[in-house]
There are 2 protein chains.
Amino acid sequence: MPLTPRPYHHGNLRQALIDMAVTVAEETGKDIISVREVARRLGVSSGAPFRHFPDRESLMTAVAEEALVRLRLRVERDQLDAPADPIARLKALGRTFIQWALHNPTQFRLVSSRRLFEFDRSASLPVHFDAVRQITMDLVEQAQLAGLLPAGSLPEMALALRALAYGLARMQVDGQLPQWRVDTSETERTLIAALDLIVDGLSRARPAPS
Amino acid sequence: MPLTPRPYHHGNLRQALIDMAVTVAEETGKDIISVREVARRLGVSSGAPFRHFPDRESLMTAVAEEALVRLRLRVERDQLDAPADPIARLKALGRTFIQWALHNPTQFRLVSSRRLFEFDRSASLPVHFDAVRQITMDLVEQAQLAGLLPAGSLPEMALALRALAYGLARMQVDGQLPQWRVDTSETERTLIAALDLIVDGLSRARPAPS
DNA sequence: ACCTGAACACCGTTCAAGT
DNA sequence: ACCTGAACACCGTTCAAGT
């Protein structure tokens, strides 16, 4: 007797594949998931996923698209609650970024290291990435105009601040913080403190001598 | 470890496997290499590598160990040529780190994201990692004592500066710089300029109000 | 002592056949 | 239109057998 008779047509297999891929990635901690295992867990045959995605890369692209939209929405929502001061807003942006990465490590890794899909082949990935980037650029520009950040190349300053938040998040996700003697229970607090240390320091910088 | 390696038909299979693993990784751009392909290219059977490494993870650990030693030696050598000023030395350290990452992207990725081996199972990895970390800590401490960096938690300031260099290097290696409108031919210059912008800004910070 | 090569249990992907 | 399941060409790893 079959334990659970399953319908021949799944219903919404495409979405189920995306959701199960996230689940499997989070459970195994691996960034490369097995399409066969995803299919197996959903009770469909090994060939079924390839009716909805031409290859594993395309499935991972769909997962990355959903993840990046969620990051963008969270950034935009947190910015609504942030004060008007551009320095405070920049710190809030960094905090959102770090917290999202720490709470969604596999999705952060997937979106960040573009090794499992073609970033430019997606219609949505560049759009959402750019929305977050534009928020960063605007805040840095406002801060520079208000004399709250050192003058100098706007793109380079924005890049550096993004790299700071990215590097802090990445070091945790890559498992490097134990080697930096960061207590596991203090990780999030430490990363945010390190971020604030730099931003606050920069906001107190004297003009460069000409 | 015998001083005179026992010959097989090429020489020392253990070392040949490590070298070929690097070659294959650099050629394919993938961070996961096929042990079978490494064996095939060396003209040995598919089972031969497992006489020298219990599994692929162990082979990748050996590759990572060699890579990290090379990074450490480069850092130490470049510090010899750097000026006495701790700010200049910190910038030189960041430059060495970024340049090494950009010129050895697959090895940088392997050493950084510890997904392909167990960092703590290696006797040498923690030692060399810590040597570089200690150089960072010493320079930050000297800079703080000389009033060239903001006061505040030494470990957090060192972590933040490392994260800055790490983030800049990672963004390039992860292929994100095109989305930040960084011209391909200007990558290295831009990353170093971004690093200097932050370090120089911090070195001009006024004391925090109490 | 070191290496071979068959064997096993996995993959991703394809495709004729079924519903 | 959607899914199955066999088939193919790969893997990592093991191990009895060869040199």
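Everything numeric here is computed off the predicted structure, so don't read it as measured data. Residue numbers begin at 1 in each chain, while the letters A, B, ... track the order of the sequences.
Between Ile32(B) atom CD1 and dG12(D) atom P the separation is 10 Å, expressed in whole Å. Per the geometry, CG belonging to Leu59(A) stands 15 Å off P belonging to dC11(C), to the nearest Å. Taking atom CZ of residue Arg41(B) and atom C1' of nucleotide dC11(D), one finds them 16 Å apart after rounding to whole Å. For Asp55(A) and dA9(D), the CG to P distance is 20 Å, given to the nearest whole Å. When the P atom of dA7(D) is taken as reference, atom CZ of Arg36(A) falls 13 Å away, rounded to whole Å. Atom CZ in Phe50(B) sits roughly 17 Å away from atom P in dA6(C) (whole-Å rounding). Computed from coordinates, the Met60(B) CE to dG12(D) C1' distance equals 14 Å when rounded to whole Å. Atom CG in Leu42(B) sits about 11 Å away from atom P in dT4(C), given to the nearest Å.
Residue Ser34(A) has a polar side-chain atom (N or O) positioned under 4.0 Å from OP1 or OP2 of dG12(C). Side-chain nitrogen and oxygen atoms of Arg51(B) include none within less than 4.0 Å of the OP1 or OP2 phosphate oxygen of dC3(C). At dC11(D), one or more side-chain N or O atoms of Arg40(B) fall inside 4.0 Å of OP1 or OP2 (strictly under the cut-off). In this structure, His52(A) reaches the dC3(D) phosphate: one of its side-chain N or O atoms is under 4.0 Å from OP1 or OP2. Checking the phosphate oxygens (OP1, OP2) of dC3(C), no side-chain nitrogen or oxygen of Arg14(B) falls inside 4.0 Å.
Atom CZ of Arg133(A) has more than 12 heavy atoms from other residues, nucleotides or ligands within 6.0 Å. Atom CZ of Arg72(B) sits in a crowded spot, with more than 12 heavy atoms from other residues, nucleotides or ligands closer than 6.0 Å.
Looking only at atom types and distance, the side chain of Gln107(B) has a donor-acceptor partner in the side chain of Arg70(B) under 3.5 Å away.
Ranking dT13(D), dC3(C), dC3(D) by closeness to the Leu13(B) side chain, first place goes to dC3(C). Of the listed nucleotides (dC11(D), dT4(D), dT13(C)), dT4(D) has the atom at the smallest distance from the side chain of Ala48(A). Each of dT4(D), dG12(D), dT14(C) was ranked by its minimum atom distance to the side chain of Val35(B); first place goes to dG12(D). For Arg56(A), taking side-chain heavy atoms from C-beta onward, the closest of the listed nucleotides dT4(D), dT13(D), dT13(C) is dT13(C).
Residue Ile33(A) is classed as a sugar-phosphate contact, given heavy-atom separations below 4.0 Å to backbone atoms only.
Both distances falling under 3.5 Å, in either a Watson-Crick or a G-U wobble arrangement, place dT4(D) opposite dA16(C). Across all strands shown, dC11(C) has no partner, as no Watson-Crick or G-U wobble contact with both distances under 3.5 Å is found.
Using a distance-only test at 3.5 Å, with no hydrogens or angles considered, a donor-acceptor pair links the side chain of Gln176(B) to the main chain of Ser112(A). With hydrogens and angles ignored, the 3.5 Å screen pairs a side-chain donor or acceptor of Gln144(A) with a backbone N or O of Pro150(A).
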